Amino acid sequence: MEHTPTIRSKIETELKQRGYTFSSFSKISGINRGTFSTMLNSNLPKPISVRQMDLITKALGYPEGWLYELYIDECFHEGKGHWKRIKPFLLRCVELGRKKCIQKVLSRLTEDLSYVSTVFEFAEELHEAGKEKEAIPFYECVVENERYHHSERLAISQFRLFSCSLNKDLENNRQQAIKFAPYRKNLPESHQLDALLKLANVYYQVDDCETTIQYTRELEVISTNIYQQQIHARLKKCEVKPLNTERHLIVYYGQAYLTQGNAYEKQGQYKKAMEFIPYYENLTDFEGLDEIGMLEARKFEMWAKANRLNLEILMGDMTNLPVYVELIRNNPQEILLGLLTIIESANNYNHMIDEILILFAKNINDFRDLRTNISYYKTNYNLVHYSRFFLELSRYYFNKGNYSEAIDSMLNSLKATSQLNDKAFYIKSITLLFEKYKDHSTHEQRVEYEKVLKAVEYNIKQMTP
């Protein structure tokens with residue numbers, strides 16, 4: 001039977017082969033001679049710390065992590081987990097990206113389910129330190145081993161995994177939202193604010209307006225309750241506990257109404273959408289605003305003004321179009337959505353907007369690069385808006401008979417869509433436009449179309465499990 005080396009036998013072999021004594025090796029490693037001797041020679045060897053293991057590795061000229069696989073047994077001396085050794089070891093494994101070592105430690109550790117809470121606390125420490133991705137295997141461990149379905153730590157772990165899973169793939173985001181949603185009510189209130197805002201955003205992006213409205217209504221109730229609790233605490237001159245949230249409370253309160261209005265707008269219920277504007281247009285009176293809160297309130301004030309003009313234009317009233325154009329010119333983050341509104345209305349009511357397109361020609365040209373850092377919104381928000389913007393622009397040019405510009409814009413719409421795995425929109429783009437007008441396309445445009453089409457199909461295959 002082949003002998004399996006231990007961490008001590010491995011070190012001893014290295015010392016013998018290189019002719020080191022405890023005294024000589026202690027000098028080059030920086031480990032006290034007596035300490036080193038008790039680690040290897042004692043009848044009850046002294047445990048080796050992670051720091052000592054790293055010093056030995058460095059002194060012997062091996063790469064970091066050389067002894068890590070063997071060190072796992074050191075963490076479970078006599079079959080029991082020793083968290084004082086395990087925690088520093090896991091931290092080093094996280095630093096070095098030693099995923100297999102992490103999984104082996106977690107597998108052995110959770111043979112005793114009392115350690116699930118310890119793993120959760122460790123995951124939260126990583127999260128607080130900004131190591132969200134590194135915390136994923138630890139939250140997954142909690143999810144797999146938590147015995148109580150309604151526990152708060154299970155809900156928080158599911159929420160962390162949901163947050164980390166969101167990307168440009170809209171179908172992925174929808175599936176992740178479905179998986180997470182049942183746990184949302186087991187979260188602490190502060191976590192519910194972030195969770196509901198993320199859920200609402202996911203469903204808004206995939207055009208599921210009814211579900212968006214459901215989650216924004218929940219967000220409205222919770223954010224209002226917390227705000228009222230804070231007002232009550234101030235009246236009684238009690239300490240207002242700080243919220244453990246990603247954003248200021250005013251963001252959740254304002255977004256609850258703003259996103260509801262946007263969802264109704266998507267459904268074409270423009271008058272209903274208009275009813276939500278008064279709830280977020282004057283938030284500078286929101287109690288307890290600090291400097292950040294006041295900045296957020298002013299954003300909502302600007303969005304309210306823009307959305308009121310936006311809805312008027314979508315209903316065909318172009319009276320305030322010059323005011324709207326000036327507003328988006330002065331707020332570059334709003335240009336993409338503002339132009340989308342103007343073009344959509346022009347298509348629906350047969351308005352001519354050539355002068356406006358000339359005015360924003362440079363911005364439109366920049367949009368063709370599909371940059372994702374040009375507004376307040378998440379990356380996939382911008383890609384969604386790019387795809388719809390260029391589709392509406394394409395329709396406008398087709399209606400004018402400007403086929404070259406129309407097809408170029410449609411290709412830009414497809415390029416944005418290809419990064420989203422938005423199959424329904426992808427099919428709609430092709431069947432309604434290019435196939436209808438392809439006889440007007442140039443050879444170069446047809447070549448580009450085939451190229452983009454292959455990219456779309458490839459990306460969908462990559463994103464589909």
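All of these numbers come straight from a predicted model, not from anything done at the bench.
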Colleague: Parallel under 30°, tilted from 30 to 60°, perpendicular over 60°: which one fits the rings of Tyr115 and Trp83?
Modeller: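 Ring orientation, 0 to 90° scale: tilted.
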Colleague: For Tyr349 and Asp317, which I'm curious about, is there any donor-acceptor pair between the side chains at under 3.5 Å?
Modeller: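 Their side chains do not contain a donor-acceptor pair, so the 3.5 Å distance test is not met.
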Colleague: Is the centre of the Phe286 ring less than 6.0 Å from the centre of the Tyr227 ring?
Modeller: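 That pair passes the under 6.0 Å test.
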Colleague: Does Glu301 pair with Arg298 as a salt bridge, N-O distance under 4.0 Å?
Modeller: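 Here Glu301 does not pair with Arg298 in a salt bridge, since their nearest N and O are not under 4.0 Å apart.
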Colleague: Do Gln158 and Asn186 pair up side chain to side chain, a donor and an acceptor below 3.5 Å, judged on atom types alone?
Modeller: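 Note: Gln158 and Asn186 side chains miss the donor-acceptor criterion.
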Colleague: On the 0 to 90° scale, with breaks at 30° and 60°, tag the Phe159-Phe180 ring pair as parallel, tilted or perpendicular.
Modeller: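 Taking Phe180 first and then Phe159, their aromatic rings sit tilted (interplane angle of 30° to 60°).
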Colleague: So does Glu69 pair up with Lys104, basic N to acidic O under 4.0 Å?
Modeller: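 A salt bridge is present here (some side-chain N lies under 4.0 Å from a carboxylate O).
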Colleague: Between Gln175 and Glu171, is there a side-chain donor-acceptor contact under 3.5 Å, judged purely by atom types and distance?
Modeller: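 There is such a pair (donor and acceptor under 3.5 Å, judged by atom type) between the side chains of Glu171 and Gln175.
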Colleague: Can you find a pair of side-chain heavy atoms, one from Val384 and one from Leu170, that are under 4.5 Å apart?
Modeller: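 Val384 reaches Leu170 side chain to side chain.
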Colleague: Just say parallel, tilted or perpendicular for the rings of Tyr257 and Phe276, cut-offs at 30° and 60°.
Modeller: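 Tilted.
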Colleague: With side-chain hydrogen bond (donor to acceptor under 3.5 Å, both in side chains) as the test, would you mind laying out the steps for Glu265 and Asn307 before giving the verdict?
Modeller: CA-CA 10 Å; Glu265 178 189 321; Asn307 285 345; 6.0 Å; no
Colleague: Is Arg108 close enough and on-axis enough to Phe76, meaning under 6.0 Å and within 45°, for cation-pi?
Modeller: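 Yes.
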Colleague: Have Tyr68 and Asp54 got a donor and an acceptor in their side chains that come within less than 3.5 Å?
Modeller: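 Yes, side-chain donor-acceptor contact under 3.5 Å.
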Colleague: CD1 of Ile292: more than 12 outside heavy atoms within 6.0 angstrom?
Modeller: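 No, not enclosed.
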Colleague: Regarding Lys299 and Glu296, does a basic nitrogen lie under 4.0 Å from an acidic carboxylate oxygen?
Modeller: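 A salt bridge links Lys299 with Glu296.
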Colleague: Has Arg51 got more than 12 heavy atoms of other residues, nucleotides or ligands less than 6.0 Å from its CZ?
Modeller: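 No, CZ of Arg51 has 12 or fewer neighbouring heavy atoms, counting only those of other groups under 6.0 Å.
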Colleague: With distance as the sole test, does Asn173 use its side chain to make a donor-acceptor pair with the main-chain N or O of Asn167 at under 3.5 Å?
Modeller: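 Side chain of Asn173 to backbone of Asn167, a donor-acceptor pair under 3.5 Å: yes, one is there.
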Colleague: Taking NZ, NE, NH1 and NH2 as the nitrogens, is one of them in Arg160 or Glu124 under 4.0 Å from a carboxylate oxygen of the other?
Modeller: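 Yes, charged N to carboxylate O under 4.0 Å.
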Colleague: Closer than 4.0 angstrom, basic N to acidic O: yes or no for Lys87 and Glu121?
Modeller: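 Result for this pair is no, no salt bridge flagged.
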